[in-house]
Engineer: 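Provided herewith is a single structure, encoded as structure tokens, for subsequent inquiry.
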Amino acid sequence: MNERMGDPAGARDGGLDPRAELSEFLRTRRARLKPQDVGLPDLGRHRRVPGLRREELAQLAGVSVAYYTRLEQGNGRNVSAEVLDAIARALRLSDAEHAHLTHLARPGRRRKRPEPRSRQARPALRQLLDAMETVPAYVVGRRSEILAWNRMATALFGDWGALPAQERNWARLVFLDPTHRELFVEWDQKAYDMVAYLRMDAGRHPDDPALSALVGELSVKSEEFRTLWARHDVKEKSHGVKRVRHPLVGELTLLWESFRPAGEAEQSLVTYFAEAGSPSAEGLRLLGSWSADAPAPGTQAPAARDA
């Protein structure tokens with residue numbers, strides 16, 4: 001297995017290799033563009049490569065072919081923000097992809113000390129979760145770790161507290177746990193989103209050995225993960241709609257919103273809710289009433305609740 005598929009063999013010092021990540025990201029973004037997408041003539045069967053050629057992309061970005069080639073080979077040293085902006089425009093990158101390109105081409109200074117393997121949700125965030133009695137909610141951190149959750153999240157997604165701490169991780173649950181795979185009606189979209197979030201994390205923290213180990217594990221255990229990881233797609237958590245197939249109340253159509261708590265750049269508070277008056281809202285109400293007598297997640301020992 002090679003690094004394109006997420007294997008840590010292409011890593012550096014226990015993390016992912018930023019040069020290889022930059023090279024593959026640019027190559028895959030260039031390959032998805034067709035000449036007609038950017039106003040160039042389509043030579044059809046005479047083209048030997050998918051997407052745009054390097055010289056075509058360089059021309060669109062207003063840089064020399066040699067300069068762009070060095071960048072696509074992973075040499076992003078001293079590249080300016082203006083050049084990255086021009087390349088992002090030429091490649092028609094989304095805001096998340098533009099940010100990812102910047103992280104890869106101009107990585108921050110390496111930390112002198114390794115970051116702790118995991119973090120905890122602040123006590124105030126735990127209290128907020130417990131106060132949200134009718135809304136499934138949880139806090140997710142780096143590497144898709146589930147850090148804290150409320151009773152309604154347990155009612156909707158299952159008892160995460162019964163899992164070993166290492167397994168309280170959305171990526172592992174989505175790709176390796178049959179129960180969570182069955183839970184999402186559009187599992188393919190959920191899987192795509194999870195890999196895109198992890199890719200975004202990898203761009204910000206290429207020297208994170210725990211993230212590299214997670215990617216390596218999932219690459220070995222899941223062909224679907226390997227395929228998605230090789231696409232180099234990225235996205236930020238924001239909001240959307242998820243359809244959940246619950247064993248007790250049937251299918252629920254839920255809206256979700258993700259928020260960054262103040263002072264917590266690496267954590268997100270995620271909430272699920274249903275449109276007022278809808279069958280899904282009634283389904284959530286029933287779940288809430290049935291789970292009212294269950295022990296609150298806050299009664300667990302901290303070590304059993306933090307991933």
Side-chain angles (χ1 to χ4, degrees), residues 1-33 49-58 60-115 142-143 195-220 225-236 266:
M1 187 185 304
N2 57 32
E3 194 278 332
R4 291 183 185 180
M5 298 165 73
D7 182 70
R12 182 187 67 182
D13 297 337
L16 300 174
D17 183 353
R19 293 190 58 164
E21 293 290 305
L22 174 60
S23 176
E24 285 296 289
F25 180 69
L26 286 173
R27 185 188 62 80
T28 55
R29 299 313 90 176
R30 180 168 57 84
R32 74 181 181 180
L33 279 179
V49 296
L52 297 181
R53 296 190 179 97
R54 284 177 175 172
E55 55 267 28
E56 292 169 334
L57 196 284
L60 289 170
V63 300
S64 70
V65 177
Y67 189 97
Y68 177 76
T69 298
R70 288 196 300 272
L71 187 62
E72 193 171 295
Q73 289 173 344
N75 187 358
R77 291 180 299 176
N78 302 320
V79 62
S80 69
E82 290 75 16
V83 168
L84 290 178
D85 290 346
I87 291 174
R89 286 193 298 269
L91 288 171
R92 301 192 172 186
L93 301 186
S94 67
D95 290 344
E97 290 172 327
H98 191 170
H100 186 62
L101 173 62
T102 302
H103 294 148
L104 295 177
R106 308 174 71 188
R109 185 175 300 175
R110 292 166 65 89
R111 294 183 176 90
K112 295 181 179 180
R113 296 181 180 178
E115 186 166 321
R142 285 267 298 282
R143 319 173 195 102
V195 175
Y197 299 151
L198 284 181
R199 270 286 181 199
M200 204 74 191
D201 273 351
R204 293 190 182 101
H205 307 284
D207 299 317
D208 183 348
L211 177 57
S212 182
L214 174 64
V215 170
E217 176 190 354
L218 294 175
S219 296
V220 169
F225 179 88
R226 288 199 304 273
T227 299
L228 289 170
W229 186 256
R231 292 176 56 170
H232 286 260
D233 291 342
V234 295
K235 67 187 304 185
E236 293 275 17
E266 302 293 344

Engineer: With distance as the sole test, does Arg89 use its side chain to make a donor-acceptor pair with the main-chain N or O of Ala61 at under 3.5 Å?
Structural biologist: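 Here the side-chain-to-backbone pair does not exist.
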Engineer: Determine yes or no for a side-chain-to-main-chain donor-acceptor pair under 3.5 angstrom, with Arg30 supplying the side chain and Leu52 the backbone.
Structural biologist: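 Yes, because the side chain of Arg30 sits within donor-acceptor range (under 3.5 Å) of the backbone of Leu52.
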Engineer: Checking Leu198 against Leu214 for the side-chain contact (heavy atoms from CB on, under 4.5 Å) test, could you report, in this order, the C-alpha distance in whole Å, the side-chain angles of both residues, the deciding distance, and whether it holds?
Structural biologist: CA-CA 10 Å; Leu198 284 181; Leu214 174 64; 4.2 Å; yes
Engineer: Checking Asp233 side chain against Ala196 main chain: does a donor-acceptor pair fall under 3.5 Å?
Structural biologist: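 Pair absent, no side-chain N/O of Asp233 close to backbone of Ala196.
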Engineer: Does the side-chain contact (heavy atoms from CB on, under 4.5 Å) test come out yes or no for Leu218 and Trp229, once each step is laid out?
Structural biologist: CA-CA 10 Å; Leu218 294 175; Trp229 186 256; over 6 Å; no
Engineer: Would a distance-only check, ignoring hydrogens and angles, find a side-chain to backbone donor-acceptor pair under 3.5 Å from His100 to Ala96?
Structural biologist: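 Pair absent, no side-chain N/O of His100 close to backbone of Ala96.
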Engineer: Does Thr102 use its side chain to pair, donor to acceptor, with the backbone of His98 at less than 3.5 Å?
Structural biologist: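 It does hold such a pair.
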Engineer: Salt-bridged, Arg32 to Glu97, with N to O below 4.0 Å?
Structural biologist: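 Between Glu97 and Arg32 there is a salt bridge, with a charged N closer than 4.0 Å to a carboxylate O.
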Engineer: So do the side chains of Leu26 and Leu91 get within less than 4.5 Å of each other, counting heavy atoms only?
Structural biologist: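 Result yes, sub-4.5 Å side-chain heavy-atom pair found.
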Engineer: For Ala90 and Leu57, work out which heavy atoms get closest and say how close.
Structural biologist: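 Shortest heavy-atom contact: CB-CD2, 3.9 Å.
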Engineer: Taking the side chain as every heavy atom from C-beta outward, state whether Leu60 and Ile87 have any atom pair closer than 4.5 Å.
Structural biologist: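 The answer is no, as the side chains (C-beta and beyond) never meet within the 4.5 Å cut-off.
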Engineer: On a heavy-atom basis, which atom in Arg143 and which in Asp201 lie closest, and how many Å separate them?
Structural biologist: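 Taking every non-hydrogen atom into account, N-OD2, 3.1 Å.
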Engineer: Any Lys/Arg nitrogen of Glu24 or Arg199 sitting under 4.0 Å from an Asp/Glu carboxylate oxygen of the other?
Structural biologist: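 Salt bridge between Glu24 and Arg199, a charged N being under 4.0 Å from a carboxylate O: no.
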